[in-house]
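A quick write-up on the structure given underneath.
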Amino acid sequence: MNDDLLNQMADQLGANGLPYYLPIHPNLVHLTLGLFIVAISFDIVGALFPLEKRVFKFLAVPATRSNFFDVGWFNIVAAAVITFPTVAAGFYEMLLAQPASDEISDWGLGSLETMLWHGVGGVLLLTLITGMAIWRGFQRYAWRKDRARQVQWSYLLTGLGVFVLMFAHGTLGAHLAGEFGVHISADMLLRAGEDLSTLNVLLPRGF
């Protein structure tokens, strides 16, 4: 965002450059990732259930194949729903970001390039996760509703491919925080010339 506009909003922004104490995007990101990973993982377990059945029986685990597919379905739906506010919060916080402009990440990218690729990756993942939820719904309620294996192998392989994209996307996000100090209070205060040893940054109760 333009520096003049940020200066006008300075009184409303905290030490982290946001109008609230904790960034929303990173927290929603981990929720989205967790839901998606659980969804694909449980569908994989369900797909391989005939090979694992004896193990569950040996461990006295009362598991049925349909239970794994239920977990996979509801988690992919939840991931698709959560990813919309995740991306929205990410773009809002990106607009307020003031990353260090003279740094280069481990991937050889500057702060602006990293931020742009992270934004593009967020939109791509939103599209993929939403598309996979729709794909999963067709498998559950139409294409494979009468079959023991509720998911296609192509769906599972696509999910594993999305894992790789998530890793790359998450690494870019980690570079923004760890290397460029985006919305990191201590980093922003140091760049502003503040002495952290004498500065008392107040947080709300409970933090």
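We use all heavy atoms of the structure for the numbers below, so side chains are in, but hydrogens, waters and symmetry mates are not.
- Judged by distance alone, with hydrogens and angles left aside, the side-chain atoms of Arg144 form a donor-acceptor pair with the main-chain N or O of Arg149 at under 3.5 Å.
- Counting heavy atoms from C-beta outward, Pro85 and Leu28 have side chains that approach closer than 4.5 Å.
- Put simply, the side chain of Ile129 reaches to within 4.5 Å of the side chain of Phe36, judged on heavy atoms.
- Of the inter-residue distances, the one linking Trp117 atom CH2 with Thr171 atom OG1 reads 15.0 Å to the nearest 0.5 angstrom.
- Summarising the geometry, atom CG belonging to Leu160 is positioned 10.5 Å from atom OH belonging to Tyr155; distances are rounded to the nearest 0.5 Å.
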Exercise for the section: Take Ile40 and Met132 through the test side-chain contact (heavy atoms from CB on, under 4.5 Å) and record every step on the way to the result. Expected result: CA-CA 10 Å; Ile40 300 300; Met132 289 197 69; 4.1 Å; yes

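- In this structure, OG1 in Thr130 is found 4.5 Å from CG in Leu126, a value given to the nearest 0.5 Å.
- Take Phe138 and apply the ring-ring contact (aromatic ring centres under 6.0 Å, His included) test, not counting sequence neighbours, and it matches Trp143.
- In this structure, Glu93 CD and Ile24 CD1 are separated by 6.0 Å, a value rounded to the nearest 0.5 Å.
- With rounding to the nearest 0.5 Å, the separation of NE2 in His25 from OH in Tyr92 is 14.5 Å.
- For the pair Arg140 and Asp70, the salt-bridge criterion is met [side-chain N within less than 4.0 Å of a carboxylate O].
- Atom NE2 of His175 sits about 13.0 Å away from atom CD of Glu113, to the nearest 0.5 Å.
- Between the side chains of Gln152 and Trp135, at least one donor-acceptor pair of N or O atoms lies under 3.5 Å.
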Please tabulate, one pair per line, all N/O donor-acceptor pairs under 3.5 Å involving side-chain atoms of residues 163-170, not counting sequence neighbours.
residue : atom : partner : partner atom : Å
His169  : NE2  : His118  : O            : 3.0
His169  : NE2  : His118  : ND1          : 3.4
His169  : NE2  : Gly122  : N            : 3.2

Exercise for the section: Start with the C-alpha distance between Phe68 and Trp73, add both sets of side-chain angles, then the distance that settles ring pair (Phe, Tyr, Trp, His ring centres under 6.0 Å), and finish with yes or no. Expected result: CA-CA 9 Å; Phe68 291 107; Trp73 163 243; over 10 Å; no

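- Nearest heavy-atom pair across Ala39 and Asn75 is CB-CB, 3.7 Å.
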Handout entry: Verdict with supporting geometry, Gln150 and Tyr141, side-chain contact (heavy atoms from CB on, under 4.5 Å)
Key = CA-CA 9 Å; Gln150 195 178 99; Tyr141 294 109; over 6 Å; no

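- Side chains of Thr86 and Thr32: a donor-acceptor N/O pair is present below 3.5 angstrom, by distance only.
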Handout entry: Verdict with reasoning, Val29 to Leu33, per side-chain contact (heavy atoms from CB on, under 4.5 Å)
Key = CA-CA 6 Å; Val29 160; Leu33 292 176; 3.9 Å; yes

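- Residues Ala47 and Val151 share a closest heavy-atom pair of CB-CG2, 4.4 Å.
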Practice task
For side-chain contact (heavy atoms from CB on, under 4.5 Å), just list the numbers for Leu31 and Asn27, CA-CA rounded to whole Å, side-chain angles, deciding distance to a tenth of an Å, and then say yes or no.
Solution key: CA-CA 7 Å; Leu31 179 57; Asn27 295 290; over 6 Å; no

